[in-house]
There are 2 protein chains.
Amino acid sequence: MIWEDDDSLLVANVIDGVLKLTTSTEDGREQIVGVAYPSDFIGRPFGQTSRATVVALTDARVCVFARNDFDRFAREHPELEHKLLERTLAELDRTRSWMMLLGRKTAPEKIATFLLDMSDRYGDVSACTTFRAPAKLFTLPFSRQQVADLLGLTIETVSRQFTKLKQDGVIGLPSRREVEILNRPALSALAG
Amino acid sequence: MIWEDDDSLLVANVIDGVLKLTTSTEDGREQIVGVAYPSDFIGRPFGQTSRATVVALTDARVCVFARNDFDRFAREHPELEHKLLERTLAELDRTRSWMMLLGRKTAPEKIATFLLDMSDRYGDVSACTTFRAPAKLFTLPFSRQQVADLLGLTIETVSRQFTKLKQDGVIGLPSRREVEILNRPALSALAG
DNA sequence: CGTATGTTTGATTCGCTTCAAGTTGCGTGG
DNA sequence: CCACGCAACTTGAAGCGAATCAAACATACG
């Protein structure tokens, strides 16, 4: 947990590492509302504010700007604004499909969707730059609790679903943070 | 249900009316991922695509553009892009706080949050233009099923929570689509 | 080692869904 | 004007999935 910010005065670009964006209720329930990977943008430019909290999940390097400076710079560089708009629209789409997961999917479906998502995220770019082959084996940047906060479940349910998938031979769990996809079609079928 | 679009070739501005943005699974479960009110923007410019469906909930007038035309125009008018970026960032924030609701709130909390949200949305601008007084009585643009799809609940649960709030004197239900807020503090307390 | 933290596993509870009737409101046509 | 039909909504009973509560079990670290 290297870097924290309540998003009021700063904006930043992620250079390296993974960060989570969370909101929580007074009584301590937490929901991860976004995950920032390298090259992702964090923060609310242009006078907007949000009640989200940013916390690094791994060692992370971020390029931080004072919001005022950034706003001025952005307004003078339409290409930057355009790029930011494209990224924000893409993020909005990802967020919306996550809403479907949170509102309508069952625990097994949530877990399967999550694992496929992670697998795609950590795929090799390999020879072909446009196509990214999904990873068969990868290391989660999340603890069980964080997976639960991402999927709107409890830690116990996450754990049970993981072991269920392991027992069924769909995935392997070499260590706590590592996941190996053994039967991708089965996982896709479960994802709903 | 006047207008439908799978968001591929068009973008639009809502002039009048309310529209829902939904995604659904193969087996028919539906989640409303966004609601568009007058002055809101709909669609994915700049070559992006999303699997969302747009359906009008009331009679609606929208100003439609071919995406190509819009893209070109936007790129030539940075102020437009800036405005669009601000709106998209605001929409992303709203969507993220809705994720909290979907992932972590209970049925009573979801209903209370929803009603307060609607009340704010339909408030009077009245004398002061910057402050919008929340509405005490308003007409929902949603059926019970649509409220359920918005909150990630079933129609039966929505109905039960509504009647519970009515019995407790927190709200009044003059007709199927109308809601009257009788005890706002209680509703706020329930919203979590 | 021994303690702290994170994870798994089990038993039980509870909230929401599911299934199944009723009920209300409303446009249509006799 | 009232009977009819239909769709939206409400209400009730039963079942189930995930949460909660409670221990064991690993893993990391001094």
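Every chain is numbered from 1 and lettered A, B, ... according to where its sequence line falls, protein lines coming before strand lines. Here the structure is a predicted model, which means the values were calculated and not measured.
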Spacing between B:R177 atom CZ and D:dT10 atom P, to the nearest angstrom:
11 Å
For the pair A:F65 and A:F41, evaluate ring-ring contact (aromatic ring centres under 6.0 Å, His included) and give the outcome as yes or no after the intermediate values.
CA-CA 11 Å; A:F65 306 91; A:F41 180 84; 8.3 Å; no
Pairing residues for A:D93 by the salt bridge (charged side-chain N to carboxylate O under 4.0 Å, His left out) criterion, not counting sequence neighbours:
B:R44
How many whole angstroms separate atom CG of B:L153 from atom C1' of D:dT10?
16 Å
Which donor-acceptor pairs under 3.5 Å do the side chains of residues 159-166 of chain A make with protein atoms, sequence neighbours left out?
from: A:T163; atom 1: OG1; to: A:S159; atom 2: O; distance (Å): 3.2
from: A:T163; atom 1: OG1; to: A:R160; atom 2: O; distance (Å): 2.9
from: A:K164; atom 1: NZ; to: A:D168; atom 2: OD2; distance (Å): 2.8

Rounded to whole angstroms, how far apart are CD on B:Q146 and C1' on D:dC9?
13 Å
Residue-phosphate contact under 4.0 Å: B:S159 side-chain N/O, D:dT10 OP1/OP2
yes
Quick one: list whatever passes side-chain contact (heavy atoms from CB on, under 4.5 Å) with B:S97, sequence neighbours left out.
none
Checking A:E81 now: which residues fulfil side-chain hydrogen bond (donor to acceptor under 3.5 Å, both in side chains) with it, not counting sequence neighbours?
B:H82
Taking only side-chain N and O atoms of B:T163, does any of them lie within less than 4.0 angstrom of OP1 or OP2 on D:dT11?
yes
What string of B, S and - do you get for nucleotides 22-30 of chain D, 5' to 3', if B is base contact, S is sugar-phosphate-only contact and - is no contact with any protein heavy atom under 4.0 Å?
----BS---
Rounded to whole Å, the CZ-P distance (A:R160 to D:dA19) equals 9 Å
Can you list everything that forms a salt bridge (charged side-chain N to carboxylate O under 4.0 Å, His left out) with B:D71? Sequence neighbours excluded, please.
none
For B:R94, check salt bridge (charged side-chain N to carboxylate O under 4.0 Å, His left out) against everything at least two apart and list the hits.
B:E91
Report, one line per pair, each donor and acceptor closer than 3.5 Å where one atom sits in a side chain of residues 30-39 of chain B; sequence neighbours left out.
from: B:E30; atom 1: OE2; to: B:K20; atom 2: NZ; distance (Å): 3.0
from: B:Q31; atom 1: NE2; to: B:D149; atom 2: O; distance (Å): 2.9
from: B:Q31; atom 1: NE2; to: B:L150; atom 2: O; distance (Å): 3.2

With a 4.0 angstrom cut-off to heavy atoms of chain A, pull out the first and last contacting nucleotide of DNA chain C, in 5'-to-3' order.
C:dG6 to C:dA11
Can you run down the side chain to side chain donor-acceptor pair (under 3.5 Å) pairs that involve residues 182-191 of chain B, sequence neighbours left out, and say none if there aren't any?
B:S119-B:R184
Sugar-phosphate, base or nothing in reach of A:S143, heavy atoms under 4.0 Å
sugar-phosphate
Let me know the distance between CZ of B:F162 and C1' of D:dT11, rounded to the nearest Å.
16 Å
B:G152 or A:I155, whichever maps to the more 5' nucleotide of DNA chain C
A:I155
Spell out, as yes or no, whether a donor-acceptor pair under 3.5 Å connects the side chain of B:R29 to the backbone of A:R104.
yes
May I have the distance from B:K166 (atom NZ) to D:dC9 (atom C1'), rounded to whole angstrom?
12 Å
Would you work out how much the helix from C:dC1-D:dG30 to C:dG30-D:dC1 bends between its ends, with each end axis defined by five base pairs, to 10 degrees?
30°
With A:T22, which residues qualify under side-chain hydrogen bond (donor to acceptor under 3.5 Å, both in side chains), at least two apart?
none
